[in-house]
Asks: 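Let me begin by handing over the structure; questions about it come next.
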Amino acid sequence: MTNRLAVFDCDGTLVDSQHNICAAMTRAFEAVQLAPPERLAILAVVGLSLPVAMAHLLPDAESDFHDHLAEHYKQAFRSLRQDNAVSEPLYPGMADLIAELDAAGWLLGVATGKSDRGLHLCLTHHGIIDRFVTLQTADRHPSKPHPSMLLTAMAEAGAAPETTVMIGDTSFDIDMGLAAGARAIGVAWGYHPPQDLTGAGAHGVAMDSADLRRHIGAP
């Protein structure tokens, strides 16, 4: 029997990190003496790898400048963490859902635009890192919606596309899931509106953790 695998996005799906992301992006732009983007513009690129996100925010800039700005973002985020100013609370019901899926025999994974370090710190802080058998980040893969992260997660977990579900809050997550041949479920509490998830081809959009449980097919 092929393993059942549920892969979660992190920012906007497992945890609410929008304050940190907006603060770090604002600092990054200010460091290069540019006006920071509007909050909604920042949230629209959450989930993309940093240089790709910067290219969306500054399409007329050179790729080297996108990389430069991405480094400023990383420095800003590290500074926020050092100042104990990072808050990444789990969304309501997600800890219980993860525990229930684990107990029911689902293998769990994460596919995120975060760095390895940022993801480990986040999951360790919430005491759930041991629930996950595969962790895929922007450090080792092309940016979403490229399916590399999800394909690697399936290979590591011994799961097939037909027994895998990708869960995320952005159209990038939905596109990645579909490109890998998996089911793709959106969540309505993140950074892209539900209509964008439906428009991207999501098999369903969950309104809360109980609804997500139903969409996944958990007991």
Asks: Within the 4.5 Å heavy-atom criterion, are Leu121 and His125 side-chain neighbours or not?
Replies: no
Asks: Is it the case that one hydrophobic cluster holds both Met166 and Val46, taking links as side-chain heavy atoms less than 4.5 Å apart, direct or via other members?
Replies: no
Asks: Can you find a side-chain donor-acceptor pair between Gln18 and Arg39 that sits under 3.5 Å?
Replies: yes
Asks: Whether Lys114 and Glu88 form a salt bridge (side-chain N of Lys/Arg under 4.0 Å from carboxylate O of Asp/Glu) is what I want to check.
Replies: yes
Asks: Going by the angle between their ring planes, with limits at 30° and 60°, are Tyr91 and Trp189 parallel, tilted or perpendicular?
Replies: tilted
Asks: Report whether Met176 and Leu108 are members of the same hydrophobic cluster (ILVMFWY, side-chain heavy atoms less than 4.5 Å apart, transitive linking).
Replies: no
Asks: Following the transitive rule for hydrophobic clusters with a side-chain heavy-atom cut-off under 4.5 Å over Ile, Leu, Val, Met, Phe, Trp and Tyr, establish whether Phe8 and Ile174 coincide in one cluster.
Replies: no
Asks: Take His19 and Ser87 through the side-chain contact (heavy atoms from CB on, under 4.5 Å) test and state the conclusion after the steps.
Replies: CA-CA 8 Å; His19 174 75; Ser87 174; 5.9 Å; no
Asks: Before you tell me yes or no, could you show the steps for Lys74 and Arg117 under side-chain contact (heavy atoms from CB on, under 4.5 Å), namely the whole-Å CA-CA distance, both residues' side-chain angles and the distance that decides it to 0.1 Å?
Replies: CA-CA 11 Å; Lys74 292 177 184 177; Arg117 181 175 182 271; over 6 Å; no
Asks: For the hydrophobic clusters of this structure (ILVMFWY residues joined by side-chain heavy atoms under 4.5 Å, transitively), does one cluster hold both Ile42 and Tyr191?
Replies: yes
Asks: Can you give me the closest heavy-atom contact between His66 and Pro51, atom names plus distance?
Replies: CB-O, 3.8 Å
Asks: Quick one, Leu34 and Leu58 - any side-chain contact, counting heavy atoms below 4.5 Å?
Replies: yes
Asks: Quiz question: by atom type and distance under 3.5 Å, do the side chains of Gln136 and Thr134 form a donor-acceptor pair?
Replies: yes
Asks: Within the structure provided, determine whether Glu156 and Val133 are in side-chain contact (heavy-atom separation under 4.5 Å).
Replies: no
Asks: Do Leu14 and Ile98 have side chains that get closer than 4.5 Å, going by heavy atoms?
Replies: yes
Asks: Would you indicate whether Glu62, at its atom CD, is surrounded by more than 12 heavy atoms from other residues, nucleotides or ligands within a distance under 6.0 Å?
Replies: no
Asks: How about Thr170 and His192: does a side-chain donor come under 3.5 Å of a side-chain acceptor?
Replies: no
Asks: Tell me whether Lys144 is salt-bridged to Asp173, with the criterion being a basic N under 4.0 Å from an acidic carboxylate O.
Replies: yes
Asks: Just wondering, are more than 12 heavy atoms of other shown residues or ligands nearer than 6.0 Å to CZ in Arg140?
Replies: yes
Asks: Give a yes-or-no answer on whether the side chains of Asp139 and Ser115 include a donor-acceptor pair shorter than 3.5 Å.
Replies: no
Asks: So, His203 side chain and Ala184 main chain: donor-acceptor pair closer than 3.5 Å or not?
Replies: yes
Asks: Would you tell me whether Thr137 and Asp116 have side-chain atoms, one donor and one acceptor, within less than 3.5 Å of each other?
Replies: yes
Asks: Mind telling me whether His68 and His72 have parallel, tilted or perpendicular rings, with 30° and 60° as the class edges?
Replies: perpendicular
Asks: Apply side-chain contact (heavy atoms from CB on, under 4.5 Å) to residues Leu135 and Leu123 and explain how you reach the verdict.
Replies: CA-CA 10 Å; Leu135 300 174; Leu123 298 181; 3.7 Å; yes
Asks: What closest approach, in Å, do Leu107 and Ala157 show between heavy atoms, and which atom pair accounts for it?
Replies: CD1-O, 3.3 Å
Asks: Within a strict 4.5 Å, meaning less than it, do heavy atoms of the Val187 and Val205 side chains meet?
Replies: no
Asks: Show your reasoning for whether side-chain contact (heavy atoms from CB on, under 4.5 Å) applies to Trp106 and Asn3.
Replies: CA-CA 7 Å; Trp106 282 79; Asn3 292 324; over 6 Å; no
Asks: Using the side-chain contact (heavy atoms from CB on, under 4.5 Å) rule, pick out the option among Val7, Asp9, Ile216 that qualifies with Ile167.
Replies: Ile216
Asks: Under 3.5 Å, is there a donor-acceptor pair linking the side chains of Ser17 and Asn20?
Replies: no
Asks: Is there a side-chain contact between Thr163 and Leu5 in this structure, where contact means two heavy atoms from C-beta onward sitting under 4.5 Å apart?
Replies: no
Asks: Is Val15 close to Cys122 at the side-chain level, that is, under 4.5 Å between some pair of heavy atoms?
Replies: yes
Asks: Would a hydrophobic clustering, with Ile, Leu, Val, Met, Phe, Trp and Tyr connected at side-chain separations under 4.5 Å, put Leu197 with Leu212?
Replies: no
Asks: Going through the checks in order, is the side chain to side chain donor-acceptor pair (under 3.5 Å) test met by Ser171 and Asp196?
Replies: CA-CA 6 Å; Ser171 60; Asp196 287 3; 5.9 Å; no
Asks: Any donor and acceptor pair, going by atom type alone, linking the side chain of Asp83 with main-chain N or O of Ala85 inside 3.5 Å?
Replies: no
Asks: Do other residues, nucleotides or ligands put more than 12 heavy atoms under 6.0 Å from Gln75 CD?
Replies: yes
Asks: Heavy atoms, side chains only, cut-off 4.5 Å: are Pro36 and Glu30 in contact?
Replies: yes
